[in-house]
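For reference, the structure discussed in these notes is given below.
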Amino acid sequence: MDGQYIELYDLQSRLKAGVESVFPGKVWLKAEISAMKARPAGHCYMELSQSSDSGLIAKAQAVIWSSKFRFIAPFFKSVTGSDLAEGMSVLVQVSVNFSQLYGLSLIIDDIDPAFTVGEKEQLRRQTIERLEKEGLMDLQKELALPLLPYRLAVISAPDAAGYRDFTRHLCDNAYGFVFSPELFPAVMQGSDAPASIADALDRIAASGECFDLVLIMRGGGAKLDLACYDDYSLAAAIAVYPVPVFTAVGHDQDYHVCDMVAHRHLKTPTALADELIGCYIDEDARLSSFAGRLKLAFLNKIHSMEARVQLLETRILSADPRNILKRGYVLALDSAGVPLKRVAGRSAGDRVTLMFSDGKADCEVRGVVLNGSPTE
């Protein structure tokens, strides 16, 4: 067997020479951070990988030495608003290194943060185009909103400041309006958030409760922390949900794909609470206005009836014989006290009473003139 084998060190040395001759200088490499660990000494060790539709197709170990990491990490955060983390797509400048003892490794000298931001924005545009093509962008907006939303399913992290602000603002409102929010906890940032929020939507549907609204909320955060709200699967789950979904994620300047497909988007959890309180304020004002109009209509009806009574009273008083007599008229009565309306039927000797305003006179008929012809 002499001369038919080589030592491992010789093999590794030849591989080292071959690999490093192919990549003698630094190269820019696109990959995903699949694992990351910062050591106390300041070095940062990573596993970089690439996947396709069929799964993982490549991976390599990488390291950022402390002398570089203490500059790269804060610069990356200042541009992207987020720390380097697992799941990120990055563009890194590497030196290819092959060690006879440790094998292949990549030494990271620099990271381009603008690439990571741009990659997310490109994926966001693709997600929007896909949702539009599938007709999912406006499905939520076709759902009817309840007049007074009371039963509220809230998806949030239970310890999130935004959730606490929302609950305090909603339940301690100055008007005394009462709401019934129920929390369905979920992870609200990072790569696990889309699946966790979608699971919360499933739990709400399976609860058997008839909720008026579903509220998805969290406070502000870095752009890459909130990039999960541009995820297609989560946006699609919201779009087809049978209950109106309101979102309140991030700051005033944030607007995500999930916000686009939701029934309504509010800037912050506190603004969402104000929106719900506003529904009750508007309805209270409407009812107060209706009650005011009803009261006014009732008063107008009473006034109209009083006017009619006064008119009838005036007519009755004006028809009172006593008032007629006061104007100089005389009322003639027969012996039975029945008013006389004509001469016909009267004859001499009949007793007649004439009533005046100040008394009466008993009289005897001396004669009757009928149509100008005197009779005895």
Inset, instruction - Work out which heavy atom in R124 is nearest to a heavy atom in M260; give both atom names and the distance. - result: NH2-CE, 3.1 Å
Considering only distance and modelled atom types, tabulate donor-acceptor pairs under 3.5 Å from the side chains of residues 172-184, sequence neighbours left out.
residue: N173; atom: OD1; partner: Y175; partner atom: N; Å: 3.1
residue: N173; atom: OD1; partner: G176; partner atom: N; Å: 2.9
residue: N173; atom: OD1; partner: F177; partner atom: N; Å: 3.0
residue: N173; atom: ND2; partner: L170; partner atom: O; Å: 2.8
residue: N173; atom: ND2; partner: F177; partner atom: O; Å: 2.9
residue: S180; atom: OG; partner: R151; partner atom: NH1; Å: 3.0

Legend entry - Selection residues 83-136 - residue pairs positive for ring-ring contact (aromatic ring centres under 6.0 Å, His included), sequence neighbours left out: none
Inset, instruction - Go through the structure and list residues passing side-chain contact (heavy atoms from CB on, under 4.5 Å) with Q122, not counting sequence neighbours. - result: E119, Q126
Inset, instruction - For S191, enumerate each residue passing the side-chain contact (heavy atoms from CB on, under 4.5 Å) test, keeping only those at least two apart in sequence or located in another chain. - result: none
Using a 3.5 Å cut-off and no angle test, enumerate the donor-acceptor pairs between side-chain atoms of residues 192-205 and protein atoms at least two apart in sequence or in another chain.
residue: S196; atom: OG; partner: V187; partner atom: N; Å: 2.8
residue: D199; atom: OD2; partner: R203; partner atom: NE; Å: 3.0
residue: R203; atom: NH2; partner: P185; partner atom: O; Å: 2.6

Which pairs would a plain distance check flag for residues 329-342, meaning a side-chain donor or acceptor within less than 3.5 Å of a matching protein atom at least two apart in sequence or in another chain?
residue: D334; atom: OD1; partner: A336; partner atom: N; Å: 2.9
residue: D334; atom: OD1; partner: G337; partner atom: N; Å: 3.0
residue: D334; atom: OD1; partner: V338; partner atom: N; Å: 2.8

Inset, instruction - Kindly indicate whether the side chain of V249, heavy atoms from C-beta on, has any atom under 4.5 Å from the side chain of H265. - result: no
Inset, instruction - Applying side chain to side chain donor-acceptor pair (under 3.5 Å), name anything that partners S54, two or more places apart in sequence or on another chain. - result: S52
Inset, instruction - Using side chain to side chain donor-acceptor pair (under 3.5 Å) as the criterion, list what pairs up with Q93, not counting sequence neighbours. - result: none
Inset, instruction - May I have all residue pairs that pass ring-ring contact (aromatic ring centres under 6.0 Å, His included) and include part of residues 128-150, sequence neighbours excluded? - result: none
Inset, instruction - Name all residues meeting the salt bridge (charged side-chain N to carboxylate O under 4.0 Å, His left out) criterion together with R164; count only those two or more places apart in sequence or in a different chain, and write none if there are none. - result: none
Identify all side-chain donor-acceptor contacts of residues 38-48 below 3.5 Å with residues at least two apart in sequence or on another chain.
residue: H43; atom: ND1; partner: S66; partner atom: N; Å: 3.0
residue: E47; atom: OE1; partner: S34; partner atom: OG; Å: 2.9

Legend entry - Remaining members of the apolar cluster that contains F71, side-chain heavy atoms under 4.5 Å: none
